[in-house]
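This report concerns only the one structure given below.
Sequence lines set the chain letters: A, B, ... in the order given, protein chains first and strands last, and positions in each chain run from 1.
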There are 2 protein chains.
Amino acid sequence: MKTYSISEAAKYLDLTAYTLRYYDKEGLIPFVERTESGTRRFKEKDLDALRMIECLKSTGMPIKEIKHFIDWCSEGDATLQQRYDMFLERKACVEAQLEEMKKTIEMIEHKCRYYQTAVEAGTEDIHKGARLEFPEY
Amino acid sequence: MKTYSISEAAKYLDLTAYTLRYYDKEGLIPFVERTESGTRRFKEKDLDALRMIECLKSTGMPIKEIKHFIDWCSEGDATLQQRYDMFLERKACVEAQLEEMKKTIEMIEHKCRYYQTAVEAGTEDIHKGARLEFPEY
DNA sequence: CTAAACCCTACAGTTAACTCTAGGTCAAGA
DNA sequence: TCTTGACCTAGAGTTAACTGTAGGGTTTAG
């Protein structure tokens with residue numbers, strides 16, 4: 001079965017070897033095995049788990065909470081409900097973030113239009129008389 | 001014209017007074033005026049500017065870069081193009097984030113289905129034979 | 001008039017998530 | 001054999017963005 005060194009794994013995951021050692025120290029990847037001399041060997045399955053960790057991280061989940069999930073995984077079927085609840089909560093969280101992001105895009109696009117007009121006119125004064133526009137900033 | 005104290009402003013913006021003082025120290029809100037005795041008074045317009053700052057922050061823009069934008073605003077029409085470019089870049093950035101978030105939601109939803117089935121079955125073994133499913137984590 | 005509840009600054013402390021250094025081991029090529 | 005490069009650990013350092021403290025001034029309700 002093909003395995004990867006820490007720097008190869010880092011490259012595939014777009015992380016650094018430092019980061020992977022840090023994750024290991026924090027208990028996120030207890031399943032990564034070592035050679036006799038102590039070198040980590042990452043399996044395909046380990047990379048998949050790390051992709052899941054990166055996914056959770058991208059939802060804003062702190063590393064300590066991700067560790068709880070990893071611990072639950074090691075504890076087996078007794079923790080299935082916790083893990084299910086966790087993912088439901090993550091789903092709600094990320095969907096809320098999505099809504100926030102839509103509002104952000106609205107505001108940014110508004111500003112793009114504002115500045116496009118201003119650049120064309122050569123001055124911001126063109127917006128000074130507008131009723132509900134942001135005047136500056 | 002109605003104005004707000006730092007703690008009132010903090011309340012409306014869902015921030016703390018500490019954070020507003022910190023933003024001031026970092027040069028994000030040079031436009032906020034003071035009373036004779038040195039107390040900050042926030043105008044409606046200042047709150048709008050702060051909402052824009054929060055918007056930029058939510059796109060992942062660091063405070064030092066937001067300060068550049070604030071500086072450009074103070075420099076007037078000569079910096080319109082920079083500001084326009086900045087918002088175009090923010091737009092691209094946040095749209096990329098949106099795409100990432102869609103992938104994240106996909107993965108999380110997959111896990112929700114995975115664990116729902118497992119909880120119903122009382123064991124994760126139900127997924128052991130699946131071809132392209134993640135086996136664990 | 002006084003006491004509580006604000007406000008201020010300067011600066012120290014915190015937290016998360018890395019990031020790097022020092023000092024050492026190990027495996028492969030010239 | 002020797003040297004180069006990748007690996008290891010422990011632990012220190014960094015960075016961003018707050019968060020809190022100490023010491024002092026001001027405003028307002030009773």
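With sequence neighbours excluded, the residues satisfying side-chain hydrogen bond (donor to acceptor under 3.5 Å, both in side chains) with A:T3 are A:R41. Partners of B:T117 according to the side-chain hydrogen bond (donor to acceptor under 3.5 Å, both in side chains) rule, which considers only residues two or more places apart in sequence or in another chain, do not exist here. By the salt bridge (Lys or Arg N to Asp or Glu O under 4.0 Å) test, A:K64 is found to be paired with no residue, residues two or more places apart in sequence or in another chain being considered. Remark: A:Y12 pairs with A:Y4 by the ring pair (Phe, Tyr, Trp, His ring centres under 6.0 Å) rule, at least two apart or across chains. Annotation: side-chain hydrogen bond (donor to acceptor under 3.5 Å, both in side chains) contacts of A:E99 (sequence neighbours excluded): A:K102. With sequence neighbours left out, the salt bridge (Lys or Arg N to Asp or Glu O under 4.0 Å) criterion links B:E65 to no other residue. Taking B:R40 as the reference, B:D24 meet the salt bridge (Lys or Arg N to Asp or Glu O under 4.0 Å) condition, with sequence neighbours excluded. The ring pair (Phe, Tyr, Trp, His ring centres under 6.0 Å) test applied to B:Y23 returns no partner, not counting sequence neighbours.
The number of heavy atoms from other shown groups lying within 6.0 Å of CD (A:E33) does not exceed 12.
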Letter by letter from the 5' end, nucleotides 22-30 of chain D scores (B base, S sugar-phosphate only, - none; protein heavy atoms under 4.0 Å) ----SS---
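Nucleotide D:dC7 holds its C1' atom 19 Å from the OH atom of A:Y4, rounded to whole Å. The interatomic distance linking B:R21 (CZ) with D:dT19 (C1') rounds to 11 Å, in whole Å. D:dC18 atom P lies 12 Å from atom CD1 of B:I29, rounded to whole Å. Nucleotide D:dA10 holds its P atom 11 Å from the CG atom of A:D24, rounded to whole Å. Rounded to whole Å, the distance from CD1 on A:I6 to P on C:dT19 is 14 Å. Separating the CD atom of B:E26 from the P atom of D:dT19 is a distance of 14 Å, rounded to the nearest angstrom. Going from atom CG of B:L20 over to atom C1' of D:dC18 covers 12 Å, rounded to whole Å.
Residues of residues 8-18 of chain B that place a heavy atom closer than 4.0 Å to DNA chain C do not occur.
A pairwise comparison of heavy atoms in B:A10 and B:T16 identifies CB-C, 3.6 Å as the closest pair.
Taking for each of A:T19 and B:F42 the nucleotide of DNA chain C with the nearest heavy atom, the 5'-most of the two is the partner of B:F42.
Using a 4.5 Å cut-off between side-chain heavy atoms of Ile, Leu, Val, Met, Phe, Trp and Tyr, B:L98 falls into a hydrophobic cluster with A:V94, A:L98, A:M101, A:I105, B:V94, B:M101, B:I105.
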Distances under 3.5 Å only, N/O to N/O: pair up the protein atoms with those of nucleotides 11-16 of chain C.
unit_1: C:dC11; atom_1: N4; unit_2: B:K25; atom_2: NZ; d: 3.3

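The shortest distance between the side-chain N/O atoms of B:R40 and the OP1/OP2 oxygens of C:dT9 is below 4.0 Å. Of the side-chain N and O atoms in B:S5, one or more sit less than 4.0 angstrom from OP1 or OP2 of C:dC7.
The residue B:R34 sits close only to the backbone: its heavy atoms come under 4.0 Å of sugar-phosphate atoms, none of a base.
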